[in-house]
Each structure stands twice: as C-alpha cells, then as structure tokens.
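A short worksheet on the structure shown next.
Naming convention: chains lettered A, B, ... in sequence-line order (proteins, then strands); numbering from 1 in each chain. What you are looking at is a predicted structure, and each value in this text was computed from that prediction instead of being measured.
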Amino acid sequence: MPELPEIEIIKKSLVKMLINTKIIKIKINNRNLRYKIPPQFSKNLIGQKILKISRRSKYLIFHFKKKILLAHMGMSGKLVFTKLNEKKIYKTSFYYNLNLLKKHNHIYFKFNNGLKLIYNDVRRFGFFKLYNNEKLNKINFLKKLGPEPFSKSFNLIYFTNFTKNRETKIKNLLMDQSFVSGIGNIYSNEALFMSKIAPLRKSRSLNSVEIKRLILNIKKILKFSILKGGSSIKDFKNTAGKKGVFQEFFNVYGRNNKKCSRISCNGKIYKIKISGRSSYYCDSCQT
DNA sequence: TTCTTTGTTCCGGA
DNA sequence: GTCCGGAACAAAGA
C-alpha cells in the first residue's frame, strides 16, 4: 500500500543511510519486474555515488553524477536494510509489517558503508529505471503527474478548473495522478471520510466550502501519516515484526459494517466498489 | 476454486 | 481529441 506518506518515509530513511555512499555491488535475482531490468543496469551503477535522493509523488529518485535512477514500489515493493546477513532482516528493517519471503527478494544493493539494501516485491509491479541525467520533467512518468498535494498550486481554483468539464466521481478524481499526485485508495477513502463527502459524488458537484475542506484534509492526513511513520522509524525495535503503524489510524478504510468512528455520528460504514476499487464510507455523515 | 487486494498503463466506447 | 472506466499484470490469503 505504498502511497505518498510511505514513500516519503522510505525516502527519509534512505537519505539518512545512503547519501554520499557508493554502490559497490548489485545482485539481481529476478529481472522481470514491471519493466525488465536491462543487462547493463548493474554496470552503470556500480562505483557511482548517491548524491541526492528525492521523491515525486510515489516515485523515488536517486541522483548520481551522470545518471538518475527512478524507482517505483508498485503495489507491494519494499526496500529493506540489512547490515550483516538476511537473518537480521527483521531486526534492522525500517519498513512496516514485514513478513518477507526470501523468494521475493529481487535485487540486492551493497554500499561502501557496509549496508545492504534489499528490494522485495511480492507482486513485481514495482520498477527501477535508469536515465542519462535527463531533466526530471522530461521523464515520461513524471511529466504526467499533477501537483504534489502539499504544494500551493493544489488549491480551490485549481480544483474548480480541473473538474468543471468532467463527470468523474470524487473518489476517482483523488486517485487520478494527473489531478493530484501521490494519493492511492486508502488515503482517498480517509480524506473523503474526514471531509464528510460521499465517494460517489460527482467532483463537479462539490461547493467551494467542501473543496476547501477536502484539500485541507488531504494535506493534513498525509502529513499526519508521515509524522506517525517517521516517529516509528526512530525506534527500530518497535517496527520489527510488529503490525503496521499506519492502519492503526484508519477511520474508515476496512471498517465495513462497523459503526462510524465519528463520535457524534450513529451511521454505519459501507463498502462498495468504485471503478473496481474498494470504497468505504459512512451512510450518515458523508453526504 | 474463486474472490480480493495494491498502482499504473493500455485500450475501447462514448 | 478527450474523458471515463474496465482489463490486465502477480501472488497470496481468505
């Protein structure tokens, strides 16, 4: 479920551990990720120093002197550090809810500071792509992206302009990466619940009060999640083998048939499919 | 055995 | 040309 907050948390950890380190070895067990990893991949990266690591939407961007490595975790990709050997993986990993099978360890990166980074991906929808120092906005994947949710350009006027000639449902709009980038199924459900807006509403039908509320809540909930995840990273022992930290804060996702978690509301949470994705909403306070 | 889950791209129909 | 949403992709757990 890596959406923007999870990727941001991964990025922060990577920055802490890998800036100015050199890749000294790469082992690829399975090249068939979403896009096949070409044979020259390792050769192009070995000996290169990581100068900068950034995030755009759900993409991780590693900057080298002459190359840019673009990474996407897909649906189930995880980056996990291990210092000594794989048996220690559960003790040193910073990611959440780890239950990693070795057979899904597809890539190993070894660094000159002794760290080893493992890319584990059950569904193999993630990818790693190398670019020749192109400008970031020339990369196809990034070109199509809408504004970051935290940016000032993600505002009432932008929302109104984008939706005025569209028929799309608000739930789908929030997950449309060309509208706003980084929100997936979970946070779209949560943001709509928080804003008391029903997921099936036409995005065009929202009034300016609702739009402002929704935009503010999106920014709030993403920041809150980053904060929570970030604080759990500090204590590695707490993350080891423990259930995910994010789902503890879900107010509507996965809560079908339960009572609405809003104290002042007596409604019930329903689960429906919207464009093939599970959508949860309260029949009483979300209108 | 079948359904569900995740993000993105591709493609058909309106 | 644009917009919308279904299908496909992989694998595992219920």
Side-chain angles (χ1 to χ4, degrees), chain A residues 1-11 28-37 55-61 70-79 95-107 119-129 139-146 148-149 159-191 199-205 218 222 225 229 243-247 250 252-257 269-280:
Chain A
M1 60 155 204
E3 300 180 35
L4 187 150
E6 290 79 20
I7 303 300
E8 178 63 22
I9 288 158
I10 294 173
K11 189 209 82 183
I28 304 177
N29 284 348
N30 190 345
R31 293 179 182 273
N32 295 307
L33 302 182
R34 172 135 176 221
Y35 305 110
K36 192 159 187 157
I37 297 174
R55 177 193 63 74
R56 172 79 172 99
S57 183
K58 302 169 192 171
Y59 296 88
L60 287 167
I61 307 161
L70 187 70
H72 194 285
M73 300 294 105
M75 293 179 169
S76 56
K78 292 164 184 71
L79 283 166
Y95 208 54
Y96 56 90
N97 199 18
L98 285 172
N99 184 22
L100 304 182
L101 292 179
K102 197 179 167 185
K103 65 172 169 175
H104 303 306
N105 288 349
H106 304 308
I107 310 178
Y119 180 65
N120 179 291
D121 189 349
V122 172
R123 294 182 181 79
R124 305 209 315 268
F125 283 180
F127 69 80
F128 289 81
K129 252 181 186 284
I139 295 174
N140 262 343
F141 296 98
L142 306 180
K143 247 189 342 199
K144 304 171 194 164
L145 294 173
E148 287 281 313
F159 187 110
T160 311
N161 278 334
F162 195 95
T163 52
K164 66 181 172 196
N165 293 321
R166 293 179 197 244
E167 291 298 315
T168 182
K169 297 169 192 75
I170 184 62
K171 167 84 183 333
N172 286 343
L173 180 80
L174 295 187
M175 293 173 65
D176 178 349
Q177 302 300 303
S178 71
F179 169 65
V180 62
S181 57
I183 300 174
N185 198 35
I186 290 168
Y187 291 104
S188 66
N189 277 302
E190 291 295 324
L200 284 169
R201 283 270 298 279
K202 290 272 170 78
S203 51
R204 218 158 42 124
S205 76
I218 288 170
L222 295 177
S225 286
K243 225 181 155 195
V245 288
F246 304 109
Q247 52 257 47
F250 293 166
V252 69
Y253 185 86
R255 299 193 73 252
N256 44 316
N257 296 321
I269 306 300
Y270 285 82
K271 177 186 179 183
I272 56 170
K273 290 264 181 188
I274 301 176
S275 298
R277 296 294 180 223
S278 294
S279 309
Y280 303 84

Could you walk me through whether F159(A) and F179(A) pass the ring pair (Phe, Tyr, Trp, His ring centres under 6.0 Å) test, one step at a time? CA-CA 8 Å; F159(A) 187 110; F179(A) 169 65; 5.5 Å; yes
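- The side chain of S278(A) has dT5(B) as its nearest neighbour among dT8(B), dT5(B), dC9(C).
- With dA11(C), dT4(B), dG7(B) as the candidates, the nucleotide lying closest to the side chain of K273(A) is dT4(B).
- Counting only heavy atoms from C-beta on, Y59(A) has its side chain closest to dT8(B) among dG5(C), dT8(B), dA12(C).
- Comparing dG5(C), dG7(B), dT5(B) by their closest approach to the side chain of Y280(A) singles out dT5(B).
- Considering only side-chain N and O atoms, H104(A) lies under 4.0 angstrom from the phosphate OP1 or OP2 of dA12(C).
- A close approach under 4.0 Å does not occur between any side-chain nitrogen or oxygen of K129(A) and OP1 or OP2 of dT8(B).
- With salt bridges taken as basic N to acidic carboxylate O contacts below 4.0 Å, none links K58(A) and E3(A).
- With rounding to whole Å, R123(A) atom CZ is found 10 Å from dT4(B) atom C1'.
- The side chain of R166(A) contributes an N or O atom lying less than 4.0 Å from OP1 or OP2 of dC4(C).
- Between Y119(A) and H106(A), the ring-plane angle classifies as tilted under the 30° and 60° cut-offs.
- Distances from the side chain of S275(A) to the nucleotides dT9(B), dG5(C), dA12(C) place dG5(C) closest.
- Contact annotation: Q177(A) side-chain N/O to dT8(B) OP1/OP2 distance is under 4.0 Å.
- Applying the 4.0 Å criterion to OP1 and OP2 of dA10(C), one finds that R124(A) has every side-chain N and O outside that range.
- As a whole-Å value, the separation of L70(A) CG from dG7(B) P is 17 Å.
- For K103(A), no side-chain nitrogen or oxygen approaches OP1 or OP2 of dA11(C) to under 4.0 Å.
- Rounding to whole angstrom units, CZ of residue R34(A) and P of dA8(C) are separated by 16 Å.
- Side-chain N/O atoms of N172(A) include one lying less than 4.0 angstrom from OP1 or OP2 on dG5(C).
- Atom pair K169(A):NZ and dC4(C):C1' shows a separation of 8 Å (rounding to whole Å applied).
- The nearest whole Å value for the distance from the CG atom in L33(A) to the P atom in dA11(C) is 11 Å.
- Distance from the side chain of H72(A) is smallest to dG7(B) among dT5(B), dG5(C), dG7(B).
- Taking atom CD on E6(A) and atom P on dT5(B), their separation rounds to 18 Å, with Å as the unit.
- For the pair D121(A) and S76(A), the tightest heavy-atom approach, listed with the atom from each and the gap, is OD1-OG, 2.6 Å.
- Whole-Å rounding puts the F125(A) CZ to dA7(C) C1' distance at 12 Å.
- Here the shortest heavy-atom pairing between L33(A) and G126(A) reads CB-O, 3.3 Å.
- One can place CG of N120(A) at 11 Å from P of dA12(C), the figure rounded to the nearest angstrom.
- Of the listed nucleotides (dT8(B), dT5(B), dC4(C)), dC4(C) has the atom at the smallest distance from the side chain of E167(A).
- The closest donor-acceptor contact from the side chain of R55(A) to the backbone of S57(A) lies under 3.5 Å.
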